[in-house]
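Within every chain, numbering begins at 1; the chains are lettered A, B, ... in the order of the sequence lines, protein sequences first and strands thereafter.
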There are 2 protein chains.
Amino acid sequence: MSGRPAPRSRRETRAVVLETLLRRGGAFRPHIARDAQLTEASVSRILAELRKEEIVDEIRQPAPYAGGPTALITLSNNIYVAGIELSNNRLSFSIGDVSGTIDYVERVPVSPQLDQAEFERIFTGCLATMGKWTAKRGVSVRQAAFSLPGYSNANTNPIFPWDMERLRSFLSDTMQGVPLSITNSVIAQAAFHRYSGNSSYPATGDHLFLFVGHGVAGVIVNESATIEAFSPFELGHMVLERNGLACRCGHHGCLEAYTSLRAISKIVGVSETEILQRGDRFLDQLELKAETREQLRERLFLLGLGTGNALNLHPLPSVVISGWPSLLAPEDRQAIIEGMNESLLGGFDAKRMQVSFIAPSIGTDPQAALNYAAYCFVRAGGLDTRAEERHVEENA
Amino acid sequence: MSGRPAPRSRRETRAVVLETLLRRGGAFRPHIARDAQLTEASVSRILAELRKEEIVDEIRQPAPYAGGPTALITLSNNIYVAGIELSNNRLSFSIGDVSGTIDYVERVPVSPQLDQAEFERIFTGCLATMGKWTAKRGVSVRQAAFSLPGYSNANTNPIFPWDMERLRSFLSDTMQGVPLSITNSVIAQAAFHRYSGNSSYPATGDHLFLFVGHGVAGVIVNESATIEAFSPFELGHMVLERNGLACRCGHHGCLEAYTSLRAISKIVGVSETEILQRGDRFLDQLELKAETREQLRERLFLLGLGTGNALNLHPLPSVVISGWPSLLAPEDRQAIIEGMNESLLGGFDAKRMQVSFIAPSIGTDPQAALNYAAYCFVRAGGLDTRAEERHVEENA
DNA sequence: GCACACTAATTACACAGTGTAAATATCAAG
DNA sequence: CTTGATATTTACACTGTGTAATTAGTGTGC
């Protein structure tokens with residue numbers, strides 16, 4: 001640990017310290033020092049600053065071993081953030097603390113074909129309601145996050161084909177001062193898995209997280225990077241069968257046309273809305289006929305094929321799959337492996353590629369956006385984002 | 001330009017200054033200051049340091065306008081770097097200066113099925129020859145780069161299925177102190193386009209660079225990022241036709257099975273080795289029959305389909321294609337657009353997607369690796385890489 | 001040929017952010 | 001209540017930069 005590796009601005013340093021706290025849900029100084037690559041001295045200074053600003057709390061805690069640390073540092077539970085999620089069937093607003101605890105929530109059903117004007121109307125309404133809630137309690141929201149499926153910085157969205165420029169300016173006007181980050185739902189999900197404190201997440205290193213629901217969305221999770229650096233990986237519209245099934249995007253043979261909830265709802269004979277009502281365990285309640293299972297396996301095979309294709313483009317050692325495939329029996333899910341075996345370079349090899357499944361989180365929205373908002377707050381070092389929005393360059 | 005944006009280590013600052021010089025092939029102080037986001041004062045200090053170390057030269061030059069700058073700063077032409085390239089038909093060694101001028105070159109034919117032991121034998125031999133050349137002239141190589149197709153940090157390579165761990169340790173042992181970077185050929189190509197001073201490159205912003213040769217390799221070029229941050233995007237083994245043509249990788253229906261030089265050599269009736277001999281313009285010399293052209297268009301359609309799939313995963317506004325497709329008539333190349341139109345979300349739209357072609361650089365190896373080596377030298381701030389290889393973290 | 005307007009280039013000084021090392025605090029166990 | 005072990009704070013030094021004052025070039029117009 002010799003030299004002086006890479007200097008950081010105070011904001012960055014605060015951000016890494018706070019992120020450690022968010023990730024671990026509290027830590028002792030020595031841990032923070034290691035995680036943040038700082039000396040105890042620096043940690044001490046930073047924490048003194050953060051404590052004065054009431055961003056962190058220090059809980060006196062008997063040392064767990066002789067001569068051990070005496071104070072557990074946690075994020076203050078008086079910091080409120082807002083999470084807003086748009087999914088294919090509803091728009092949800094929430095307020096909670098940075099640990100992800102929800103104090104307020106409102107959910108409004110919307111149509112998957114929701115148009116932009118209607119969205120703006122509903123959004124404005126919900127925001128007003130939320131504003132009343134905060135006003136009554138005198139709480140101030142430090143950071144908000146809005147997640148929607150398919151979002152990217154590019155000006156196109158496969159799910160809601162809106163004018164993203166207009167969306168951004170609508171939101172920044174409407175939020176009136178509260179810093180707002182917009183992100184892809186699947187990235188918010190990744191934030192949820194990283195920060196929710198649920199330690200049962202199956203992958204530890206870099207991996208591809210895939211969510212198979214209305215669409216097929218993925219995100220490249222780089223364990224050692226900040227969440228902003230994650231790239232969404234929209235798998236749903238990879239054409240795998242020329243002249244195959246028609247997809248809502250107008251093309252034929254897209255993966256989504258085979259594996260979306262809508263597509264499989266026809267196979268299992270349950271309407272899409274009913275699936276959403278039954279929530280997480282909708283497949284459990286069904287007695288799947290052998291023929292149905294075979295059809296589902298065929299779909300999973302395609303999912304595997306597409307996933308393998310994606311991993312050929314961008315090699316990663318592990319995939320975590322969430323969504324309806326996680327509800328099937330392991331022997332059925334094996335079809336995904338078979339599909340990957342036919343596209344993944346060198347074939348599927350369990351030594352080089354780990355595939356895991358996690359329960360789909362249907363209906364937990366807007367939990368993920370709330371976690372993402374907490375992340376954004378922390379990333380900004382707990383400082384007001386509005387102030388330093390001026391790193392503009394002026395090339396000749 | 002108010003506050004103190006993001007502090008940098010001296011090494012980083014030197015790196016950005018040197019990179020500006022590499023990119024522009026020389027610049028005046030005010031330009032450097034703008035590009036590197038530094039004040040004139042800092043530029044002055046850094047340059048004084050670099051001049052003392054004989055890394056940069058200062059050429060007295062009459063100012064181009066009233067009161068203009070007086071000294072043009074360039075990279076010293078006494079810095080030698082080595083570029084080594086392995087392609088599917090030869091291994092080439094070169095030494096040159098950071099501007100990319102080649103002073104020494106040796107090329108040895110190798111087989112596309114070259115095995116790792118044989119490679120090591122040839123490499124050692126060429127390196128010895130190169131060593132004699134440098135010894136005779138008393139030049140010392142400051143940085144070397146080795147590029148090979150399909151390379152990634154992952155331990156697999158679609159082209160040369162070797163043990164990458166062994167390759168890396170072989171190279172670091174063999175190079176005896178000369179810092180060596182290993183990279184994907186397509187990334188070296190990107191370095192070539194960025195630093196060769198050839199300004200006719202068609203894309204200016206972020207784009208996908210695709211090279212269609214023995215394989216189909218791509219790289220996501222992020223104009224505002226360092227080259228290390230570029231991701232290789234191996235398109236060749238995307239399965240587009242289940243039960244399609246057999247590919248050398250053992251799968252069926254890979255893009256490469258349809259569009260590699262080997263695949264089209266069968267269509268045009270010219271052997272692969274002959275194509276390589278004829279070099280860049282091999283297709284010009286052929287009188288393509290209508291039927292042949294139709295077959296090639298079919299192949300290009302698949303290339304477009306796969307490219308569209310890749311761009312759905314990772315949206316970018318522009319694609320630059322190099323390789324044999326660039327040699328065809330524009331009306332034939334239109335098939336690529338047609339393919340993209342069937343996979344790219346929302347269809348192909350010239351307003352949102354720019355497709356350009358550049359002449360393939362067959363036979364210019366190891367120029368690209370040499371440019372990449374220069375880039376690596378500059379990125380390290382012109383400091384010895386060996387010294388500070390110790391940013392290891394030790395998490396509990 | 002010389003003052004001028006203008007910009008370039010250098011330098012002294014101040015300040016932010018950190019690490020080092022010394023000083024001080026805390027706890028468990030005897 | 002001392003000891004051993006680690007935690008925490010603090011004073012000081014060092015790096016890298018920006019600011020602002022200073023010095024140096026250059027072309028124009030007289």
Nucleotide of [options] approaching [X] most closely (side-chain heavy atoms):
| X | options | answer |
| --- | --- | --- |
| B:Ser44 | C:dT10, C:dT18, D:dT9 | C:dT10 |
| B:Ala41 | D:dA20, C:dG19, C:dA9 | D:dA20 |
| A:Arg8 | D:dT17, C:dA9, C:dT18 | C:dT18 |
| A:Thr13 | D:dT17, C:dT18, D:dA20 | C:dT18 |
| A:Arg60 | D:dT26, C:dA9, C:dC27 | C:dC27 |

Euclidean distance, atom CZ of residue B:Arg29 to atom P of C:dT11 [Å, nearest integer]: 11 Å
Distance, rounded to the nearest Å, where A:Arg34 contributes CZ and D:dA7 contributes P: 8 Å
Under 3.5 Å side-chain donor-acceptor pair for A:Arg45 and A:Ser42: yes
Side-chain N,O (A:Ser42) to OP1/OP2 (C:dG19) below 4.0 Å: yes
Kindly list each side-chain donor-acceptor pair under 3.5 angstrom involving residues 222-229 of chain A, sequence neighbours excluded, with atom names and distances?
{"from": "A:Asn222", "atom 1": "OD1", "to": "A:Ser224", "atom 2": "N", "distance (Å)": "3.1"}
{"from": "A:Asn222", "atom 1": "OD1", "to": "A:Ser224", "atom 2": "OG", "distance (Å)": "3.1"}
{"from": "A:Glu223", "atom 1": "OE2", "to": "A:Arg23", "atom 2": "NH2", "distance (Å)": "2.6"}
{"from": "A:Thr226", "atom 1": "OG1", "to": "A:Glu228", "atom 2": "OE1", "distance (Å)": "3.2"}
{"from": "A:Glu228", "atom 1": "OE1", "to": "A:Tyr375", "atom 2": "OH", "distance (Å)": "2.3"}

Ring pair (Phe, Tyr, Trp, His ring centres under 6.0 Å) against B:Phe230, all qualifying residues, sequence neighbours excluded: none
Donor/acceptor link under 3.5 angstrom from B:Arg45 side chain onto base of D:dG18: yes
Interatomic distance, B:Thr134 atom OG1 to B:Tyr80 atom OH [nearest 0.5 angstrom]: 11.0 Å
